[in-house]
Amino acid sequence: MKNNSYFSLKFENDTLHFIDQTKLPFEETYISADSYERISEAIEKLEIRGAPLIGIAAAYAIALAFKNNNVKSEKYFDKVYKRLISTRPTAVNLFYAANLMKERFEKLSEEENVFLRLLDTAREIENSENHNSSRIATLGLNIFHKKSNVLTHCNSGSLAAGSFGTALGIIKNAYDHGLVNKVYVDETRPLLQGLRLTSFELDKLKIPFTVLTDSMSSSLMQKNQVDLVIVGADRIALNGDTANKIGTLSLAIICSYFNVPFFVAAPSSTIDKKIISGDEIKIEYRSSEEIYSIKQNLIGLQNWDYFSPAFDITPAHLITGIITEKNIYRFPYNFLNE
Ligand code: MRU
């Protein structure tokens, strides 16, 4: 795959550097942070976003908390850990990464350098997510049976996962293999991750794309313009029910109506083995300001009532297949022994 001229996140000189995703596509500015508090804020404000990337950033944040406080204090670790996991509730990768850091911390001996050893684990998490993304991009080629028009929702590319991305990683790889004709990009209201971020990534790679507002996909499918839909995931239950960006559920329902295959792509770290079904997934509700204003310009009255979930749950039976780095799974799903 071609190289990008930008990076989503890089750990260098004991500092985490990341592109400010709230400024894209107009400004490619980078933020450098070496405090766990600043990285927590970045996750809350969506300067860093996307399930796998949040996990990677949280791991580095936990390590960085010990940069200037290099002692094995359980009380301090607990404070840092709790701050990080309070940032966003839905993407399980955050909890997965924070728990791996916790396990590593608990096993440290008194002689070991806490900062350096936690940094090793953060790097392992990043490398493993990058490896998983490239496996997903390769495995995902198998769902293409012809040169296709593919539709995606939100952003599941490099900006969401580090290296290639998950769902968008498959699309980019399939394009390189001559299997994609064009990409339809859902704008993804309210924060426009599709319009702003997925288009940014596709544009950089010169992959042909067309943006549509979220309510237009049914019309496109009615005209037989979509062969395949692939989206990412923030949390997958053992039965395959999947939490992803708000609007994914309506897309899956439309696909089912028009008989368009609907795939989910995610690393196995997105599967939450502690929950049986989507009913147990906590959905993040964000400020109504994100609905009544765009870039500080009001588009609705502030005192009206707004519904503002950031994610929804797509029931497993609407998902044609779930692609992880290990396999392509088909309904009925049971991830208990995976
Ligand atoms: O609120 P966001 O932008 O963090 O939501 C991101 C998504 O919903 C993505 O589709 C998901 O995290 C998969 S990213 C590989």
Side-chain angles (χ1 to χ4, degrees), residues 8-9 11 16 18 21 31 33-67 69 71-108 114-115 117-126 128-129 132 160-162 166 191 232-238 241-246 266-276 278-287 308-311 313:
S8 44
L9 169 156
F11 189 85
L16 191 68
F18 49 91
Q21 299 201 27
I31 297 170
D34 68 354
S35 82
Y36 79 92
E37 184 49 45
R38 179 64 187 90
I39 299 168
S40 302
E41 271 173 33
I43 295 172
E44 281 167 343
K45 286 158 61 182
L46 271 60
E47 290 164 341
I48 298 173
R49 48 147 300 282
L53 201 71
I54 294 172
I56 297 167
Y60 280 118
I62 292 174
L64 278 169
F66 289 85
K67 180 174 151 180
N69 191 7
V71 280
K72 198 187 172 216
S73 154
E74 261 147 48
K75 204 167 153 213
Y76 179 60
F77 185 93
D78 208 44
K79 182 179 152 198
V80 173
Y81 172 89
K82 284 194 176 131
R83 173 68 184 107
L84 262 307
I85 62 166
S86 73
T87 52
R88 297 195 74 190
T90 306
V92 74
N93 312 59
L94 170 67
F95 300 85
Y96 171 82
N99 288 337
L100 285 177
M101 297 299 283
K102 193 166 192 242
E103 273 171 36
R104 184 72 185 96
F105 177 80
E106 283 164 357
K107 285 188 191 136
L108 283 175
V114 187
F115 173 51
R117 293 297 72 80
L118 288 180
L119 211 49
D120 291 342
T121 306
R123 286 203 177 95
E124 278 164 27
I125 292 170
E126 182 179 12
S128 133
E129 289 298 4
N132 291 344
T166 56
L191 294 180
D234 286 85
R235 197 182 286 241
I236 301 173
L238 284 175
D241 289 353
T242 294
N244 192 46
K245 180 53 56 197
I246 190 73
S268 54
S269 54
T270 307
I271 300 169
D272 185 348
K273 294 201 169 176
K274 290 198 203 75
I275 59 166
I276 293 167
D279 296 345
E280 294 165 76
I281 299 178
K282 182 159 187 225
I283 296 291
E284 175 183 12
Y285 280 75
R286 294 187 60 90
S287 162
S308 58
F311 300 95
I313 314 266

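Numbers here simply count residues along the sequence, with the first being 1.
With sequence neighbours left out, F95 forms a ring pair (Phe, Tyr, Trp, His ring centres under 6.0 Å) with no residue at all. Annotation: side chain to side chain donor-acceptor pair (under 3.5 Å) contacts of K274 (sequence neighbours excluded): none.
Rounded to the nearest 0.5 Å, atoms CD1 (I236) and CD1 (I313) are 11.0 Å apart. Separation of atoms OG (S73) and NZ (K79) is listed at 9.5 Å; rounding is to 0.5 Å. Rounding to the nearest 0.5 angstrom, the gap separating the CZ atom in R104 from the CG atom in L118 is 7.5 Å. Taken from OH in Y76 to CG in N69, the straight-line distance is 4.5 Å, to the nearest 0.5 Å. Note that the CG atom of D34 and the CD1 atom of I39 stand 8.0 Å from one another [nearest 0.5 Å]. Distance check, rounded to the nearest 0.5 Å: CD1 of I125 to CD1 of I62 gives 8.0 Å.
Contacts classified as salt bridge (Lys or Arg N to Asp or Glu O under 4.0 Å) and involving residues 47-62 (residues at least two apart or in different chains) are given here: R38-E47, K45-E47.
Counting non-hydrogen atoms of neighbouring residues, nucleotides and ligands closer than 6.0 angstrom, the CD1 atom of I276 reaches no more than 12 such neighbours.
Here the side chains of R235 and I275 are in contact, with some heavy-atom distance below 4.5 Å. Contact annotation: the side chain of Y36 never approaches that of L64 to less than 4.5 Å [non-hydrogen atoms, C-beta and beyond]. In this structure, the side chains of F66 and R117 stay at 4.5 Å or more apart for every pair of heavy atoms. Looking only at side-chain heavy atoms (C-beta outward), E74 and F105 come within less than 4.5 Å of each other. Between L238 and K273, some side-chain heavy-atom pair lies under the 4.5 Å cut-off. Contact check for D272 versus E280: no side-chain heavy atoms found under the 4.5 Å cut-off. Using a 4.5 Å heavy-atom cutoff, the side chains of E106 and F77 are not in contact.
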So L119 and F11, side-chain contact (heavy atoms from CB on, under 4.5 Å) or not? Walk me through it.
-> CA-CA 10 Å; L119 211 49; F11 189 85; 3.5 Å; yes
Run the numbers on T90 and I281 for side-chain contact (heavy atoms from CB on, under 4.5 Å), then give the verdict.
-> CA-CA 7 Å; T90 306; I281 299 178; 4.1 Å; yes
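S8 and L53 make their closest contact through OG-CD1, 3.9 Å (heavy atoms, listed as atom of the first residue, atom of the second, distance).
We find that K75 and D78 are not joined by a salt bridge, their nearest charged nitrogen and carboxylate oxygen being 4.0 Å or further apart.
T166 contributes no side-chain N or O that, together with a main-chain N or O of G232, makes up a donor-acceptor pair within less than 3.5 Å.
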